[in-house]
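First comes the structure, then the notes that go with it.
Letters go in sequence order (proteins before strands), and every chain restarts at 1.
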Amino acid sequence: MAKKKKKTFRPKARLPKGMRDVESAEISAMSSMLETIRECYHLYGFEALETPVFEYSDALGKSLPDQDRPNAGVFSFEDEDSQWLSLRYDLTAPLARYVAQHYDALPKPFRRYQTGYVWRNEKAGPGRYRQFRQFDADSVGVPGVAADAELCMLASHTIEKLGIGRGQYVMRVNNRKILDGVLEMIGIDPKGEEDLEMRMTILRSIDKLDRLGIVGVEALLGEGRKDDSGAYTKGAGLPIEKIAKIIAFVGAGADERTAVLENFRTLVSSSVTGMEGVVELEEMDSLFVASGFGTDRIVFDPSIVRGLDYYTGPVFEAELTFEVKDEKGQPIRFGSVGGGGRYDGLIAKFKGIEVPATGFSIGVSRLYTALNALGKFSGGSGYGPVIVMVMDKDRLGDYQKMVGRLREAGIRSELYLGGSGIRAQMKYADKRKAVCVVIQGSDEQSRGEVMLKDLIEGMQKSEEIVDNKSWREGRPAQFAVAEAELVEAVRSVLARYGDS
RNA sequence: GCCGCUGUAGCUCAGCCGGUUAGAGCGCCUGAUUGUGGAUCAGGAGGUCCCCUGUUCGAACCAGGGCAGUGGUACCA
């Protein structure tokens, strides 16, 4: 016993899964990205809004949390007064709450944009986190599909502003009413409770077209499907003739929007709801045409389904179509980086009166990864501050004064505050990616000078020098200037690297 | 959740048929250089070989269970 070391409790330094730390370079890249999106949304006349990160669970619209699984999908916890709270899992539900709460005071239509983290208690994966950022724009109190069309065009506009070229992305649009029409045609009630399970299974199957192809969807609609890993997915168990109808619909895509509409019209002709959806898409098409949005930006796609619950009309998705290789040479597909649609029933849950609304959400975190892979953020200098070294600990006041002069001139700089010698200070400056360090020992001081060292030039010089002595004594990339000219001299060093 | 794969130093990984003291590269620290980062050289620190149980004279290695990570799939309001 006595031999064993006494164990002191040490918490393990680790991240919860699906969470990540964000460091300096990403923070600045992200903030410029957010600013670009904000400008776009603002330009289109949307108004900023912030809501808290958690809400009462019932306000988030799910019948959650239930007894057995209080955290299924959402992170929830109980308040002191035993009311359940949940972290928001999107920005739409809080918007609905906000609109319902302030309905009378708001201008109608009410147009708002909002960004923030959302949380989902789900399995994390590469590029899939349990905390991620969304950037939403929504129009509330807008009955016509002009609002939906506007959001599609806004999304397209924003994505291009972020540096994704035309042809590298596409907006895919569908309409839930058309999907409902298809369900009607095979005898499934698109609204009622009793067919809910079946309806979900079918819609989910359709949604997987891009990944599984026609054959996969067919399997899911019928008996079921076994994937490469051996995992088995139970199918909808539909008879062949019904499967054929759905497959015919799923295959109704085409390059031209008018051609897709033509296909839709014949496929759902006997469904009133379905035809309503077709008419809505026709109207959106004419708005797209009027604004010059061709099929290089917006297409109609029967396999777009989107979240299964609250959408009631047009639904849309922004998809990146380019491929990037990761460091191992594996292709990464980014797929959907945003989506949205019409949710006419959501606010009614609070108000009792139907308030038509539509919105679009950018998955900022995922889009950031894509932009990064495209090399859109390599522009930043990444240089660190100028470091004023401490040669003589009794003269901290003098050094502090130098830093003060630099800062007054708007030059990012700091006094070395660690406790180590000059060697460690140089290493520190190197690690901080400093362009320039300021050195004043007793020699320089006695001459009324400061020594500046250009670390970048120094690094270049070091490549040529093999001999230890000459490297050590040559003091490459260093020069003395009069103390009075400190600011100007530092500025000219920074200017060499465009970092001013 | 289900199926597969993986778990050895801070990181990337090697470790033969089970054999005693567990390795490399990179990184880190120290010195050569008491006033100089990045090259070079010399030295050093750092390990519950994921955990538990079992088999064995002997386990990083074999078996069973667990945990974690990862890939696919399901779910994703």
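A/R432 comes within 4.0 angstrom of nothing in the nucleic acid, heavy atoms only. Using a 4.0 Å heavy-atom cutoff across all strands shown, A/E444 reaches at least one base atom of the nucleic acid. Residue A/S442 is classed as a base contact, given a heavy-atom separation below 4.0 Å to a base. Residue A/K17 is classed as a sugar-phosphate contact, given heavy-atom separations below 4.0 Å to backbone atoms only. When heavy atoms are screened at a 4.0 angstrom cut-off, A/Q425 is found touching no nucleic acid atom at all. Residue-level contact check: A/D443 touches the bases, meaning some heavy atom is under 4.0 Å from a base atom. Among the protein residues, A/K433 comes within range of no part of the nucleic acid, since none of its heavy atoms lies under 4.0 Å from any strand.
In the set B/rC28, B/rC76, B/rA77, the nucleotide with an atom closest to the side chain of A/E122 is B/rC76. Nearest nucleotide to the side chain of A/Q478, out of B/rU36, B/rC29, B/rC75: B/rU36. When each of B/rA77, B/rG35, B/rU36 is scored by its nearest atom to the side-chain atoms of A/M391, the top-ranked nucleotide is B/rG35. Between B/rU33, B/rA77, B/rC76, one nucleotide has an atom nearer to the side chain of A/M200 than all others, and that is B/rC76. The nucleotide whose nearest atom lies closest to any side-chain atom of A/R120 is, among B/rC76, B/rG35, B/rC2, B/rC76. Checking B/rA77, B/rG37, B/rA74 against the side-chain heavy atoms of A/L455 singles out B/rG37 as nearest.
Taking atom P in both B/rA42 and B/rU33, the straight-line distance is 16 Å, to the nearest Å. Taking the P atoms as reference points, B/rA22 lies 13 Å from B/rG46, given to the whole Å. The separation of B/rC76 from B/rA63, taken at their P atoms, amounts to 39 Å, rounded to a whole angstrom. Across the C1' atoms, B/rA39 and B/rG47 are found 31 Å apart, a figure rounded to whole Å. Comparing the C1' positions of B/rC13 and B/rG66 gives a spacing of 26 Å, expressed to the nearest Å. Atom P of B/rU20 sits at a distance of 34 Å from the matching atom of B/rG4, rounded to the whole Å. Rounded to whole Å, the separation between the C1' atoms of B/rG23 and B/rG64 comes to 30 Å. Nucleotides B/rC16 and B/rU8 have their P atoms positioned 15 Å apart, rounded to a whole Å.
With hydrogens and angles left out, the side chain of A/K123 and the base of B/rG72 share a donor-acceptor pair within 3.5 Å. A donor N or O paired with an acceptor N or O is not found under 3.5 Å between the base of B/rC76 and the side-chain atoms of A/R130.
Atom CD of A/E78 has more than 12 heavy atoms from other residues, nucleotides or ligands within 6.0 Å.
By the 6.0 Å and 45° rule, A/R97 does not stack over the aromatic ring of A/F350. A cation-pi arrangement is absent between A/R111 and A/Y113, since the terminal nitrogen or guanidinium carbon is not both under 6.0 Å from the aromatic centre and inside a 45° cone about the axis. Remark: A/R112 is not positioned above the aromatic ring of A/F46, lacking an NZ or CZ atom under 6.0 angstrom from the ring centre and at most 45 degrees off the axis.
The partner of B/rA74 is absent, by the rule that a Watson-Crick or G-U pair needs both atom distances under 3.5 Å. With a 3.5 Å ceiling on both atom-pair distances, B/rC16 lacks any Watson-Crick or G-U wobble partner. With a 3.5 Å ceiling on both atom-pair distances, the Watson-Crick or G-U wobble partner of B/rA63 is B/rU53. Partner assigned to B/rC5 is B/rG69, using Watson-Crick or G-U wobble distances below 3.5 angstrom. Nucleotide B/rA42 is matched to B/rU30 when pairs are restricted to Watson-Crick or G-U wobble geometry with both distances under 3.5 angstrom.
Taking 4.0 angstrom as the limit, A/R423 places none of its side-chain polar atoms (N or O) nearer than this to OP1 or OP2 of B/rG35. Residue A/K234 places none of its side-chain N or O atoms closer than 4.0 Å to OP1 or OP2 of B/rA74. Contact annotation: A/K208 reaches the phosphate of B/rC75 (side-chain N/O to OP1 or OP2, under 4.0 Å). For B/rA74, the OP1/OP2 oxygens have a side-chain nitrogen or oxygen of A/R211 closer than 4.0 Å.
Rounded to a whole Å, the CZ atom of A/R395 is 13 Å from the C1' atom of B/rG35. A/K427 places its NZ atom 8 Å from the P atom of B/rG37, with the value rounded to the nearest Å. The nearest whole Å value for the distance from the CD atom in A/E457 to the P atom in B/rA39 is 18 Å. One atom, CG of A/L452, and another, P of B/rU36, lie 18 Å apart when rounded to the nearest Å. Rounding to whole angstrom units, CD1 of residue A/I439 and C1' of B/rG37 are separated by 10 Å. Rounded to an integer number of Å, the gap from A/L220 CG to B/rU73 C1' is 11 Å. In this structure, A/L60 places its CG atom 17 Å from P of B/rC76, rounding to the nearest Å. Atom-to-atom, CD of A/E197 to C1' of B/rC75 comes out at 12 Å; the value is rounded to the nearest Å.
A/R204 places none of its side-chain heavy atoms less than 4.5 Å from the side chain of A/V305.
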Report task. Carefully, step by step, assess A/R432 and A/E414 under the rule salt bridge (charged side-chain N to carboxylate O under 4.0 Å, His left out). Result -> CA-CA 11 Å; A/R432 290 295 310 275; A/E414 69 177 51; 3.1 Å; yes

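Of the two residues contacting RNA chain B, namely A/R306 and A/K453, the nearest-nucleotide position lying further toward the 5' end is that of A/K453.
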Please list, one pair per line, the donor and acceptor atoms closer than 3.5 Å that link side chains of residues 359-366 of chain A to other protein atoms, with sequence neighbours excluded.
residue, atom, partner, partner atom, Å
A/S361, OG, A/D136, OD1, 2.7
A/S365, OG, A/R133, N, 2.9
A/R366, NH1, A/S336, O, 2.8

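Listed by first and then second residue, the salt bridge (charged side-chain N to carboxylate O under 4.0 Å, His left out) pairs involving residues 336-357 of chain A are A/D148-A/R342, A/R342-A/D344 (not counting sequence neighbours).
Using modelled atom types and a 3.5 Å distance limit, the side chains of A/Y89 and A/N121 yield no donor-acceptor pair.
Evaluation of A/Y428 against the base of B/rG37 yields no stacking contact (centre distance < 5.5 Å, interplanar angle < 30° required).
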